[in-house]
Amino acid sequence: MGDVSGVGSDNFDWNTDDELEIEGFHSSCLSVPNGETIAGSVGASSSAGPSNTKVFDHFISMGFPGEMVSKVIQEYGEENEDKLLEELLTYSALESSPQQQQQVEPDPCSSENAGSSWDDLSSDDSFSDEEMPKSVSRNGDPLHTLVKMGYKEEEAVMAVERLGPNASLEDLVDFIGVAQMAKAEDALLPPEEKPQYNGHAKLKKRSLYDYEVLGKKKPKIFEKRTLCEEDDETQALHLPNPMTGFGVPTDPNSIITHRRIPEDAIGPPYFYYENVALAPKGVWQTISRFLYDVEPEYVDSKYFCAAARKRGYIHNLPIENRYPLLPLPPRTIHDAFPLLKKWWPSWDPRTKLNCLQTVTGSAKLTERIRKAVESCEEFEDPPESVKKYVLDQCRKWNLVWVGKNKVAPLEPDEVETLLGFPRNHTRGGGISRTDRFKSLGNSFQVDTVAYHLSVLKEMYPNGINLLSLFSGIGGAEVALHRLGVPLKNVVSVEKSEVNRNIVRSWWEQTNQRGNLVDLDDVQQLDAVRLEQLMSAFGGFDLIVGGSPCNNLAGSNRVSRNGLEGEHSSLFFDYFRILDLVKNMSPNYR
DNA sequence: CCCAAAATGACCTCTCGG
DNA sequence: CCGAGAGGTCATTTTGGG
């Protein structure tokens with residue numbers, strides 16, 4: 001969820017000049033904020049030993065700092081390139097976030113080498129927000145300051161252009177960190193996969209995991225993950241059918257009450273992440289890897305309401321004793337829209353709607369279909385060809401029969417109801433019809449999400465503090481409210497102003513007693529800001545987010561370039577913020 | 001009445017999984 | 001082989017403020 005229309009408008013493209021950037025990456029450091037480390041990387045190269053040079057150079061050419069690379073090689077050996085990649089990625093992700101968390105917990109997978117932890121590294125070359133000289137960021141030209149800190153000029157320029165000249169140094173550094181992470185993924189493409197502009201060879205990108213799983217043999221040595229983990233990985237390549245996740249209330253046989261969560265993932269704080277289930281290959285594996293290796297729960301909302309909505313959810317919530325919102329919503333088109341039954345032809349067998357999308361069918365299409373059906377009224381049933389045309393269009397645009405020979409797209413009110421929102425939730429405040437469809441199409445299905453979140457009610461009878469990223473029209477907030485979980489403090493981050501207004505107005509309509517803080521941009525949410533919020537509220541109990549899917553969604557044939565795409569890379573902000581909160585949480589309990 | 005901004009509609013012809 | 005898909009781009013029409 002979350003409107004990202006603003007993101008594209010400011011001329012920043014994560015993928016601009018990819019091939020040039022990758023080349024330019026050779027001698028630079030990935031996320032080294034000061035000059036010393038750049039110099040130091042040369043020494044690290046030689047200390048890594050002559051036998052390592054090939055592997056070492058390989059990673060250096062991807063832009064990882066030399067010191068980090070040699071450290072990882074020491075720890076895991078050089079033959080296990082995939083593992084090294086993973087560790088480097090993970091570490092540079094941590095690195096790009098401020099090191100509040102000196103106590104980066106030793107990865108259980110690498111426990112044997114506990115002696116050489118990351119600590120010395122992080123204290124060397126990480127520039128935590130606390131250490132950041134405030135005076136510099138206030139006085140000096142931020143561009144100059146960033147370059148002085150060791151960032152590449154084009155990175156600094158990009159960050160300043162994107163965030164504006166008045167952005168704080170912290171925000172700029174955060175931004176560059178995320179941009180680097182997105183780029184690091186790109187750099188991981190095997191050389192022959194690198195995009196080339198030879199005529200029609202249009203950017204065919206593959207994600208990190210694609211490369212790991214399909215491009216190379218699985219590492220055998222130093223693979224400390226359990227057999228169970230391997231099973232997860234092969235299973236995760238196939239979406240479950242039926243898509244009922246750990247169970248849906250309408251089918252008691254589907255319910256599973258036990259699962260194993262990796263130790264790193266165990267809450268509190270609890271997190272709940274959502275995105276489209278049918279993302280390009282490997283995307284969910286990458287997301288899962290970042291989110292502490294938690295296995296996704298794939299659920300189709302057609303088991304909750306009358307419209308399909310195939311989504312993957314990664315969360316660390318308990319799955320015992322879930323309960324649904326009551327009353328259970330109607331689960332067929334006829335139950336949801338009883339008045340339409342009289343117009344429904346016998347040859348239209350649909351009982352469920354397809355996914356409710358952000359765009360809707362046109363009036364012209366309604367006309368064409370009406371004429372097509374009318375023209376063969378002399379028959380009892382239209383000919384097969386006409387039926388097929390009409391049904392194809394109806395399925396494609398989610399049309400319903402609203403009159404004699406007349407189909408029409410759903411109205412925003414009807415979409416609201418299907419998704420479990422109160423009537424007129426998105427109405428008013430000057431929002432246009434088009435924008436209502438857009439906001440609703442990007443939203444959660446409330447009943448589905450509420451079923452998953454229902455376990456919180458017993459755990460937090462006095463209410464929760466919620467951090468809601470990419471909130472959109474507040475699906476999570478509505479779900480918790482309908483469950484009767486009191487909302488103490490809610491921090492909601494949403495790009496679109498109309499969506500923020502919708503949530504704000506809902507907040508007032510429902511007489512909430514807590515505080516609602518709304519922020520414009522996830523980039524604003526750095527360690528300092530989080531620290532302020534968490535100390536004011538006493539930490540967060542739940543972090544919810546569904547990051548933009550524009551570059552993952554199947555119907556996007558133009559820029560479906562996976563997680564590293566312009567919009568969808570905001571996933572890394574979800575991870576960045578979640579990881580910060582997780583690491584800061586022990587201070588607030 | 002003019003003009004900018006917003007809305008609309010036609011076209012795009014993808015990848016994935018069953 | 002078929003169908004589903006929180007989409008993008010462009011030209012054109014409509015809306016709304018002065």
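By convention in this document, chain letters (A, B, ...) are assigned in the order of the sequence lines, proteins followed by strands, and residues within each chain are numbered from 1.
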Original post:
How far, in whole Å, is dG3(C) from dT13(B) if one measures between their C1' atoms?
Top reply: 14 Å

Original post:
In whole angstroms, how far is the P atom of dA6(C) from the CG atom of Leu419(A)?
Top reply: 13 Å

Subject >> With Gln509(A) via side-chain hydrogen bond (donor to acceptor under 3.5 Å, both in side chains) - residues at least two apart >> reply: none

Subject >> Same-atom distance (C1') from dG18(B) to dA6(C), integer angstrom >> reply: 23 Å

**OP:** Round to a whole Å and report the spacing from CG of Leu552(A) to P of dA6(C).
**Re:** 10 Å

Original post:
Any ion pair linking Lys582(A) and Asp579(A) (charged N to carboxylate O, less than 4.0 Å)?
Top reply: no

**OP:** Between Gln357(A) and Asn551(A), name the one whose nearest nucleotide on DNA chain C is closer to the 5' end.
**Re:** Gln357(A)

Subject >> Below 4.0 Å: OP1/OP2 of dG5(C) and any side-chain N or O of Lys310(A) >> reply: yes

Short N/O separations, protein against nucleotides 12-18 of chain C, under 3.5 angstrom:
none

**OP:** Please name all residues satisfying side-chain hydrogen bond (donor to acceptor under 3.5 Å, both in side chains) with Thr510(A), sequence neighbours left out, ordered by chain then number.
**Re:** Gln512(A)

Report all side-chain donor-acceptor pairs from residues 446-454 of chain A shorter than 3.5 Å, counting only partners two or more places apart or in another chain.
unit_1	atom_1	unit_2	atom_2	d
Asp447(A)	OD2	Gln445(A)	NE2	3.1
Thr448(A)	OG1	Ser301(A)	OG	2.8
Thr448(A)	OG1	Gln445(A)	OE1	2.8
His452(A)	ND1	Tyr272(A)	OH	2.7
Ser454(A)	OG	Tyr323(A)	N	3.0
Ser454(A)	OG	Tyr323(A)	O	3.3
Ser454(A)	OG	Tyr451(A)	O	2.7

**OP:** Output the residues of residues 381-395 of chain A in contact with DNA chain C, where contact means a heavy atom of the residue under 4.0 Å from an atom of the strand; sort by number or write none.
**Re:** Lys388(A), Arg395(A)

Original post:
Is there a side-chain contact between Val478(A) and Val503(A), using heavy atoms and a 4.5 Å cut-off?
Top reply: no

Which atom pairs, one a donor and one an acceptor, fall under 3.5 Å between side chains of residues 332-339 of chain A and the rest of the protein, sequence neighbours left out?
unit_1	atom_1	unit_2	atom_2	d
Thr332(A)	OG1	Asp335(A)	N	3.1
Thr332(A)	OG1	Asp335(A)	OD2	3.3

**OP:** Could you tell me whether the side chain of Val493(A) reaches within less than 4.5 Å of the side chain of Ser468(A), counting heavy atoms only?
**Re:** no

Just list the side-chain donor-acceptor pairs under 3.5 Å for residues 348-355 of chain A, sequence neighbours left out, or say none.
unit_1	atom_1	unit_2	atom_2	d
Asp348(A)	OD1	Arg350(A)	N	3.1
Asp348(A)	OD1	Arg350(A)	NE	3.1
Asp348(A)	OD2	Arg350(A)	NE	3.2
Asp348(A)	OD2	Arg350(A)	NH2	2.9
Asp348(A)	OD2	Trp401(A)	NE1	2.8
Arg350(A)	NH1	Cys394(A)	O	3.4
Arg350(A)	NH1	Leu399(A)	O	2.9
Arg350(A)	NH2	Leu399(A)	O	2.8
Lys352(A)	NZ	Lys302(A)	O	2.9
Lys352(A)	NZ	Arg331(A)	O	2.5
Asn354(A)	ND2	Arg395(A)	O	3.0

**OP:** Let me know the distance between CG of Leu239(A) and P of dG5(C), rounded to the nearest Å.
**Re:** 13 Å

Original post:
Can you tell me how far the CZ atom of Arg576(A) sits from the CZ atom of Phe571(A), to the nearest 0.5 Å?
Top reply: 12.5 Å

Subject >> Proximal nucleotide (of dA4(C), dG17(B), dG8(C)) relative to the Asn354(A) side chain >> reply: dA4(C)

Original post:
Are OP1 or OP2 of dG7(C) and a side-chain N or O of Asn442(A) less than 4.0 angstrom apart?
Top reply: yes

Subject >> Interatomic distance where CG belongs to Leu278(A) and P belongs to dC14(B) [whole Å] >> reply: 18 Å

**OP:** Working to the nearest 0.5 Å, report the span between CZ of Phe575(A) and CD1 of Ile287(A).
**Re:** 12.5 Å

Subject >> Protein proximity profile, nucleotides 3-13 of chain B - base contact B, sugar-phosphate-only contact S, no contact -, cut-off 4.0 Å on heavy atoms >> reply: ----SSSS-BB

Original post:
Any donor-acceptor pair under 3.5 Å linking the side chain of Trp284(A) with the backbone of Val276(A)?
Top reply: yes

**OP:** Could you check Asn241(A) against Arg560(A) and say which one's nearest nucleotide on DNA chain B is further toward the 5' end?
**Re:** Arg560(A)

Original post:
Partners of Tyr574(A) by ring pair (Phe, Tyr, Trp, His ring centres under 6.0 Å), sequence neighbours excluded?
Top reply: Tyr273(A)

Original post:
Considering only side-chain heavy atoms of Ala308(A), which listed nucleotide, dG5(C), dA6(C), dG7(C), is closest?
Top reply: dG5(C)

Original post:
So what does the secondary structure string of DNA chain B come out as, 5' to 3', with Watson-Crick or wobble pairs under 3.5 angstrom, [ ] for crossing and | for pairs with another strand?
Top reply: ||||||||||||.|||||

**OP:** Can you tell me the distance, in whole Å, between the CG atom of Asp300(A) and the C1' atom of dG17(B)?
**Re:** 14 Å

Atom pairs and distances, side-chain donor-acceptor, residues 426-434 of chain A, under 3.5 Å, sequence neighbours left out:
unit_1	atom_1	unit_2	atom_2	d
Thr426(A)	OG1	Glu416(A)	OE2	2.5
Thr426(A)	OG1	Arg436(A)	NE	2.9
Arg427(A)	NH1	Asn424(A)	OD1	3.0
Ser432(A)	OG	Asp435(A)	N	3.2
Arg433(A)	NH1	Glu411(A)	OE1	2.7
Arg433(A)	NH1	Glu411(A)	OE2	3.4

**OP:** Mind calculating the distance between CZ (Phe571(A)) and P (dA6(C)) to the nearest angstrom?
**Re:** 18 Å

Subject >> Separation of atom NE2 in His567(A) from atom P in dT9(C), rounded to whole Å >> reply: 8 Å

**OP:** Mind checking Cys549(A) for me? I need base, sugar-phosphate or nothing, with any heavy atom below 4.0 Å counting as a touch.
**Re:** base

Subject >> Whole-Å gap separating C1' (dA6(C)) and OH (Tyr298(A)) >> reply: 16 Å

Subject >> Ser559(A) side-chain proximity, nearest of dG8(C), dA6(C), dG17(B) >> reply: dG8(C)

Subject >> Within-4.5 Å side-chain heavy-atom neighbours: Val390(A) and Val373(A) >> reply: yes

**OP:** State which residues pass side-chain hydrogen bond (donor to acceptor under 3.5 Å, both in side chains) with Arg500(A); sequence neighbours excluded, sorted by chain then number.
**Re:** Asp520(A)

